Amino acid sequence: MTGTTTTPFSAADHKARMERAARAAADAGLAGLLVAPGPDMVWLTGYTPTAVTERLTLLVLAPGQDPVLVVPTLEAPDAEHSVAGEALTLRDWTDGKDPYAVTAELLDGRGRYGISDNTWGMHVLGLQRTLPDSSYAALTDALPMLRAVKDAAEVELLAAAGAAADAAFEEIRKVTFAGRRESDLGRDLAALLRRFGHSQVDFTIVGSGPNGANPHHEVGDRVIRRGDMVVLDFGGLKDGYGSDTTRTVHVGEPTEEERRVHDIVREAQEAGYQAVRPGVACQEVDRAARKVITDAGYGEYFIHRTGHGIGVTTHEPPYMIEGEELPLVPGMCFSVEPGIYLPGRFGVRIEDIVTVTEDGGRRLNNTGREMVTVD
């Protein structure tokens with residue numbers, strides 16, 4: 001990414017997001033937010049530096065104050081001409097000056113600040129050294145839902161990314177699997193995602209046969225054989241918003257057991273989706289999907305949470321997991337992806353991105369969930 005617009009939103013959109021974030025910080029009892037380059041800065045401002053280096057770049061948001069971007073002088077022109085440049089006050093610093101002293105002038109020396117998770121440790125320590133009475137909380141802990149509720153435009157960008165991933169799946173199912181390496185299929189999937197508009201491919205998991213029993217296997221040199229179950233999980237960013245979908249196919253005709261396991265996962269995925277509606281706790285989505293698999297006798301082989309949020313990153317809050325009592329809210333977007341993993345044999349996972357609507361849920365992936373056979 002370059003030091004310009006990275007999401008298709010206006011300066012007014014980003015200004016509203018920064019104001020919302022400052023209010024959320026105040027509601028959480030924080031003096032403000034400190035945001036380093038990364039997904040939070042992209043979402044808030046649409047800007048990221050041309051190169052992220054050891055030089056401090058930090059967005060300072062506080063209730064009742066204009067947003068300020070502390071930026072190295074050599075990066076200031078890009079920041080000024082970024083989409084949110086007119087909504088930001090720039091405070092630049094040159095090499096040889098202390099950027100923490102520059103930043104300290106904008107902060108309450110005794111305040112507690114939310115700070116973006118990916119802020120470099122050297123920068124956190126530099127602020128603490130300059131303002132020893134200040135304190136900091138990771139943004140994921142302090143404001144975990146900051147980006148969780150998407151507006152209508154964001155949902156449609158996620159839907160477009162999902163449709164592009166669906167198109168990639170419809171194409172990959174037409175190719176020959178048997179006799180090719182997992183890495184070959186992984187390259188095919190990456191190329192298809194880019195063909196259908198993705199600017200960034202984050203992962204292409206191709207887990208064939210026993211490798212499918214490892215949920216995060218990605219790809220290897222194993223040659224795919226007839227009789228293999230193959231887990232395909234892939235996604236990335238299109239127009240700044242994420243895709244993430246999983247379908248499990250079979251090379252040739254499956255056995256009765258393989259069909260049964262796939263049907264159980266499909267039923268579990270449907271149960272998780274049907275549990276989605278406003279006001280329901282996140283954990284209820286996990287419980288609904290997990291109950292189907294447990295009742296079928298495979299509970300010990302469902303070894304991960306049912307879902308994760310998605311937006312300007314492919315993994316973010318909220319999480320569909322036991323113990324998460326946060327209620328679902330219209331505009332939240334997350335995966336529903338139960339699976340069964342039989343060590344040394346095969347795995348099955350089916351995943352859609354779902355958004356919460358006013359009265360239920362809407363799938364953002366719409367390829368078939370039934371067993372698909374490939375050559």
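For clarity, every value in this text was computed on a predicted model and none was experimentally measured.
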Inset, instruction - Inspect the contact between D66 and K15 and indicate whether a charged nitrogen and a carboxylate oxygen are less than 4.0 angstrom apart. - result: no
Inset, instruction - Looking only at non-hydrogen atoms, find the nearest pair between D221 and S183 and report the distance. - result: OD1-OG, 3.9 Å
Legend entry - L34 and L127: CA distance, side-chain angles, deciding distance, side-chain contact (heavy atoms from CB on, under 4.5 Å) verdict: CA-CA 11 Å; L34 306 177; L127 289 170; 3.9 Å; yes
Inset, instruction - Would you sort out whether V175 and R180 count as a side-chain contact (heavy atoms from CB on, under 4.5 Å), showing the intermediate values? - result: CA-CA 10 Å; V175 310; R180 302 181 69 205; 4.0 Å; yes
Legend entry - Check: Q283 side chain, G323 main-chain N or O, donor-acceptor pair, under 3.5 Å: yes
Legend entry - Short side-chain to backbone donor-acceptor contact, S82 and A79, under 3.5 Å: yes
Legend entry - Note, H262 side chain near P254 side chain (heavy atom, < 4.5 Å): no
Legend entry - R20 CZ to D151 CG distance, which is reported to the nearest 0.5 Å: 8.0 Å
Inset, instruction - State whether the side chain of H308 and the backbone N or O of M320 hold a donor-acceptor pair below 3.5 Å, judged by distance alone. - result: no
Legend entry - Pair K150 + E316: basic N to acidic O under 4.0 Å: yes
Legend entry - Verify same cluster id: V354, L328 (apolar side-chain graph, 4.5 Å): yes
Legend entry - Closest non-hydrogen atom pair between V223 and D228, with its separation: O-OD2, 4.4 Å
Inset, instruction - Report whether I264 and F302 are members of the same hydrophobic cluster (ILVMFWY, side-chain heavy atoms less than 4.5 Å apart, transitive linking). - result: yes
Legend entry - Side chains of R222 and P210 in contact at under 4.5 Å (non-hydrogen atoms): yes
Legend entry - Matching residue for Y241 among T313, T314, L157 - test: side-chain contact (heavy atoms from CB on, under 4.5 Å): L157
Inset, instruction - Give a yes or no answer on whether the side chain of E258 reaches the backbone of T255 with a donor-acceptor pair at less than 3.5 Å. - result: yes
Legend entry - Heavy-atom check, side chain of V356 versus side chain of V329, under 4.5 Å: no
Inset, instruction - Examine distances only and state if a side-chain atom of Y319 and a backbone atom of E324 form a donor-acceptor pair shorter than 3.5 Å. - result: no
Under 3.5 Å, side-chain donor or acceptor atoms of residues 84-93 against the rest of the protein: list the pairs with distances, not counting sequence neighbours.
from, atom 1, to, atom 2, distance (Å)
R91, NH1, E105, OE1, 3.3
D92, OD2, T73, OG1, 2.8
W93, NE1, L56, O, 3.0

Inset, instruction - Can you see which heavy atom on L131 is nearest to which on G109, and at what distance? - result: CD2-CA, 4.0 Å
Inset, instruction - Say whether, by atom type as modelled, one donor and one acceptor occur between the side chain of N118 and the main chain of A36 under 3.5 angstrom. - result: no
Inset, instruction - Please say whether the positively charged group of R17, taken as NZ for Lys or CZ for Arg, lies over the ring of F9, i.e. under 6.0 angstrom from the six-membered ring centre and within 45 degrees of the axis. - result: yes
Legend entry - Single-linkage hydrophobic cluster, 4.5 Å side-chain cutoff, V374 and L232 together: yes
Legend entry - Donor-acceptor under 3.5 Å (E284 side chain, A275 main chain): no
Legend entry - Candidate list D166, D352, D233, test salt bridge (charged side-chain N to carboxylate O under 4.0 Å, His left out), partner R247, passing option: D352
Inset, instruction - Indicate yes or no for a side-chain donor-acceptor contact from R112 to the backbone of S135 under 3.5 Å, with no hydrogens or angles considered. - result: no
Legend entry - Check ion pair K174-E171 (N to O, under 4.0 angstrom): yes
Inset, instruction - In plain terms, say whether E253 and R259 are close enough for a salt bridge, that is, a side-chain N and a carboxylate O under 4.0 Å apart. - result: yes
Legend entry - Residue pairs fulfilling ring-ring contact (aromatic ring centres under 6.0 Å, His included) with at least one residue in residues 326-363, sequence neighbours excluded: H304-Y341
Legend entry - Cluster check M229, I205: I/L/V/M/F/W/Y, side chain < 4.5 angstrom: no
Legend entry - Pairwise distance CD1(I172) to CG(L185) - rounded to 0.5 angstrom: 5.0 Å
Legend entry - Intermediate values then yes/no, side-chain contact (heavy atoms from CB on, under 4.5 Å), D40 and R147: CA-CA 8 Å; D40 292 311; R147 304 195 322 254; 2.4 Å; yes
Legend entry - N/O donor-acceptor pair under 3.5 Å between H250 side chain and G227 backbone: yes
Inset, instruction - Could you tell me which non-hydrogen atom of S243 sits nearest to which non-hydrogen atom of F203, and how far apart they are? - result: O-CZ, 4.3 Å
Legend entry - Donor-acceptor contact below 3.5 Å, side chain T248 vs main chain R349: yes
Legend entry - From CG (N214) to CD (E218), nearest 0.5 Å: 9.5 Å
Inset, instruction - Could you walk me through whether T355 and L158 pass side-chain contact (heavy atoms from CB on, under 4.5 Å), step by step? - result: CA-CA 9 Å; T355 185; L158 285 164; over 6 Å; no
Inset, instruction - With rounding to the nearest 0.5 Å, note down the distance linking CG in L146 to CG in L44. - result: 6.0 Å
Inset, instruction - State plainly whether the residues D286 and R305 are in salt-bridge range, i.e. N to O under 4.0 Å. - result: no
Inset, instruction - Pick out which of E337, E351, R369 makes a side-chain contact (heavy atoms from CB on, under 4.5 Å) with Q269. - result: R369
Legend entry - Verify same cluster id: F169, V201 (apolar side-chain graph, 4.5 Å): yes
Inset, instruction - Mind checking the CG-SG spacing from L326 to C282? Nearest 0.5 Å is all I need. - result: 5.0 Å
Inset, instruction - For P144 and P317, work out which heavy atoms get closest and say how close. - result: O-CB, 3.3 Å
Legend entry - Value rounded to 0.5 Å, distance of CG in D117 from CG in D141: 7.0 Å
Inset, instruction - Using a 4.5 Å cut-off on heavy atoms from C-beta on, say whether the side chain of V42 contacts that of Y47. - result: no
Legend entry - Close side-chain approach of T45 and M18, heavy atoms under 4.5 Å: yes
Inset, instruction - Run the salt-bridge test on R129 and D98 with the 4.0 Å N-O cut-off and return the result as yes or no. - result: no
Inset, instruction - Taking only Lys NZ, Arg NE, NH1 and NH2, and the carboxylate oxygens of Asp or Glu, determine whether R362 and E156 approach each other closer than 4.0 Å. - result: yes
Inset, instruction - Considering only NZ, NE, NH1 and NH2 on the basic side and carboxylate oxygens on the acidic side, decide whether D263 and R260 come within less than 4.0 Å. - result: no
Inset, instruction - May I ask you to test the T57-P72 pair for a side-chain heavy-atom distance under 4.5 Å? - result: yes
